[in-house]
Amino acid sequence: GENVEQHPSTLSVQEGDSAVIKCTYSDSASNYFPWYKQELGKRPQLIIDIRSNVGEKKDQRIAVTLNKTAKHFSLHITETQPEDSAVYFCAAKRGRDDKIIFGKGTRLHILP
Amino acid sequence: DAGITQSPRHKVTETGTPVTLRCHQTENHRYMYWYRQDPGHGLRLIHYSYGVKDTDKGEVSDGYSVSRSKTEDFLLTLESATSSQTSVYFCAISEATGSNRLNTEAFFGQGTRLTVV
């Protein structure tokens, strides 16, 4: 089955700097890669996703890149702000009848 | 927010007792999932469903069973609760749309905090 590894587990960046979180997946048949943000005490919510036929996707300060050959994808947050502090999860899904497998999460701290 | 509701929101139960958590959706989404969230482990899939009466195991299914008798409800049962099942449980729903049945985002419920004493 699919296995998703996520690094780092904790990340601290100065406000205004960029943050990068990386994930690798094991199943080459995975074709959908969402990223979720979870604030303290709340439910995870989608912030961006990418499909396997696309190499990069941007939404304002957030971007995701996908390298299918290497089976890894990354989340990039630019010009970080205090409200970006949260736990971020990457995930992978294979096809339409399969499970969504999550990485273990990255706790992002934005330092003033 | 997507129409997804978990009940109960909080529960304390004793070791050895059966427990059932309910996930109810009003979105008519085909896929439903149960995850548990524990520090250091992220979100781990327990069971999922890809249609009425169609379910499959996830990464950590031992000690859990599920049922989906209708589209809107997905039940998670702990047959005999143990302290290791103390966790926050999240239900999620998703759909596949379009002629190519492309995946769409999963929406999560508010979570159920279960404590087994």
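The chains referred to below are lettered A, B, ... by the order of the sequence lines, with proteins before strands, and numbering in each begins at 1. No hydrogens, no waters, no symmetry mates; every other heavy atom, side chains included, goes into these values.
Taking every heavy atom of both residues into account, B:Y48 and A:K99 meet most closely at CE2-CE, 3.8 Å. Closest of all the heavy-atom pairs between A:Y36 and B:E105 is OH-C, 3.9 Å. Nearest heavy-atom pair across A:K93 and B:Y33 is CE-OH, 3.3 Å. Minimum interatomic distance between B:F108 and A:P44 (heavy atoms only, all atoms of both residues): CD1-O, 3.6 Å.
B:F90 contributes atom CZ, which lies 10.5 Å from atom CZ of A:F102 (distance to the nearest 0.5 angstrom). In this structure, the separation between CD on A:E2 and CD on B:E59 is 9.5 Å, given to the nearest 0.5 Å.
Remark: A:Q14 CD is packed, more than 12 non-hydrogen atoms of other residues, nucleotides or ligands lying under 6.0 Å away. A 6.0 Å sphere centred on NZ of A:K104 holds no more than 12 heavy atoms belonging to other residues, nucleotides or ligands. Applying the 6.0 Å contact sphere to CD of A:E83 captures more than 12 heavy atoms from other residues, nucleotides or ligands. In the displayed structure, A:R61 atom CZ is contacted under 6.0 Å by more than 12 heavy atoms of other residues, nucleotides or ligands.
A:Y88 is connected to A:L11 through a chain of hydrophobic side-chain contacts under 4.5 Å among Ile, Leu, Val, Met, Phe, Trp and Tyr, so both are in one cluster. Linking Ile, Leu, Val, Met, Phe, Trp and Tyr residues whenever their side-chain heavy atoms come within less than 4.5 Å leaves B:V52 and B:I4 in two separate clusters. A:F89 is not connected to A:V20 by any chain of hydrophobic side-chain contacts under 4.5 Å among Ile, Leu, Val, Met, Phe, Trp and Tyr, and they are in different clusters.
Of the listed residues (B:R44, B:R113, B:Q37), the greatest number of heavy-atom pairs within a distance under 4.5 Å of chain A belongs to B:Q37.
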task = Start with the C-alpha gap between A:I100 and B:L45, add the side-chain angles, then the distance that decides, and say whether side chain to side chain contact (heavy atoms under 4.5 Å, CB included) holds.
result = CA-CA 8 Å; A:I100 303 174; B:L45 182 65; over 6 Å; no
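Interface residue A:Q38: only side-chain heavy atoms are found under 4.5 Å from chain B.
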